[in-house]
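Since the structure comes first, as structure tokens, the remarks are kept for the end.
Letters A, B, ... mirror the listed sequences (proteins, then strands); counts begin at 1. Worth saying up front: this structure is predicted, and the values here are computed from it rather than measured. Values below: every heavy atom of this structure, side chains too, minus hydrogens, waters and symmetry copies.
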Amino acid sequence: MDDKFMKYWLMKTEPNIFSWTDLEQKKIASWEGVRNYQARNYMRDQFQIGDKVLFYHSSCAEPGIAGIAKVVRGSYPDHTALDQNGEYFDLASQKSGQSRWVMVDLSPIKKFSRFASLTEIRQHASLQSMQLLRKGQRLSIQPVMEFEFAEIESTWG
DNA sequence: GCCAACGTTGGC
DNA sequence: GCCAACGTTGGC
């Protein structure tokens, strides 16, 4: 894979669990709880410090992108998989003695001047290639093309 | 709450 | 390795 095209990502979060506002308040946030192999592999194999992230609110009244964040720490073991009392506990990780999941750290760069709602993104002719718009697309971490990122930033940023 | 689409699990 | 059953995601 050409990593020229892998500098930009979209990451989904449920804002009632962790929102853009939470990220701004925390300044640096660890992205724990990803429990999907494809999403994990993106973080583990391709995330680099400085990569830019479209911060997407899902499963909420108005889904869409709230702002841009950046990767400030590359992948490291997601220890929440080993926390037996935590929400993200993973039996297979416990059995093997080490977490099979990873996480990264993010910091906010800027909040969009206008929230980029899914509805608006969908209406945007030059963004039809986005994975986000594909039917049945559930992956919580998705690669974004450079031109897609630029278009979104210039439209809503 | 509905439900389509997808990922994971586990019996065989 | 197949695939049915089950669980999850996430827009609507």
If the condition is side chain to side chain contact (heavy atoms under 4.5 Å, CB included), which residues does [X] pass it with, not counting sequence neighbours?
X	answer
A:A61	none
A:T119	A:S117, A:Q123
A:D22	A:F18, A:S19, A:Q25
A:D83	A:N85

**Report entry** Any A:E148 side-chain heavy atom under 4.5 Å of A:Y8 side chain
**Finding:**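 The answer is no, as the side chains (C-beta and beyond) never meet within the 4.5 Å cut-off.
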Query raised in the report: Taking C-beta and beyond as the side chain, do A:L118 and A:L132 meet within less than 4.5 Å on heavy atoms?
Result: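 Of all side-chain heavy-atom pairs linking A:L132 with A:L118, at least one is under 4.5 Å.
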Query raised in the report: So which pairs with a foot in residues 119-138 of chain A pass salt bridge (charged side-chain N to carboxylate O under 4.0 Å, His left out), sequence neighbours left out?
Result: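 The answer is A:R114-A:E120.
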Report task. Write out all pairs satisfying side chain to side chain donor-acceptor pair (under 3.5 Å) with one or both partners inside residues 54-69 of chain A, taking only residues at least two apart or from two chains. Result ->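 Applying side chain to side chain donor-acceptor pair (under 3.5 Å) to every pair that reaches into residues 54-69 of chain A, excluding sequence neighbours, yields nothing.
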Query raised in the report: Under the side chain to side chain donor-acceptor pair (under 3.5 Å) rule, what pairs show up with a residue in residues 65-78 of chain A, not counting sequence neighbours?
Result: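 The answer is A:R35-A:D78, A:Y76-A:D105, A:D78-A:T80.
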Query raised in the report: Counting only non-hydrogen atoms, which of residues 78-101 of chain A are less than 4.0 Å from DNA chain C?
Result: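 Those residues: none at all.
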Query - Boundaries of the chain A footprint along DNA chain C (any atom under 4.0 Å from a heavy atom) - result: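 Under 4.0 Å from chain A, the extent on DNA chain C is C:dG7 to C:dC12.
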Report task. Show the numbers, then the answer: is there a side chain to side chain contact (heavy atoms under 4.5 Å, CB included) between A:L133 and A:Q128? Result -> CA-CA 7 Å; A:L133 301 185; A:Q128 297 307 303; 4.1 Å; yes
Query raised in the report: Does atom CD of A:Q98 have more than 12 heavy-atom neighbours, drawn from other residues, nucleotides or ligands, at distances under 6.0 Å?
Result: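 No.
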Query raised in the report: For DNA chain B, what residues of residues 122-140 of chain A have any heavy atom nearer than 4.0 Å?
Result: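 Heavy-atom contacts with DNA chain B come from A:K135, A:G136, A:R138.
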Query raised in the report: Does any pair with a residue in residues 86-133 of chain A pass ring-ring contact (aromatic ring centres under 6.0 Å, His included), and if so which ones, sequence neighbours excluded?
Result: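 Non-adjacent pairs meeting ring-ring contact (aromatic ring centres under 6.0 Å, His included): A:Y37-A:W101, A:H124-A:W156.
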Requested in this report: Take the C1' atoms of the five end pairs on each side of the helix from B:dG1-C:dC12 to B:dC12-C:dG1, derive the two axes, and give their angle rounded to 10 degrees.
Outcome: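 Its terminal axes enclose an angle near 10°.
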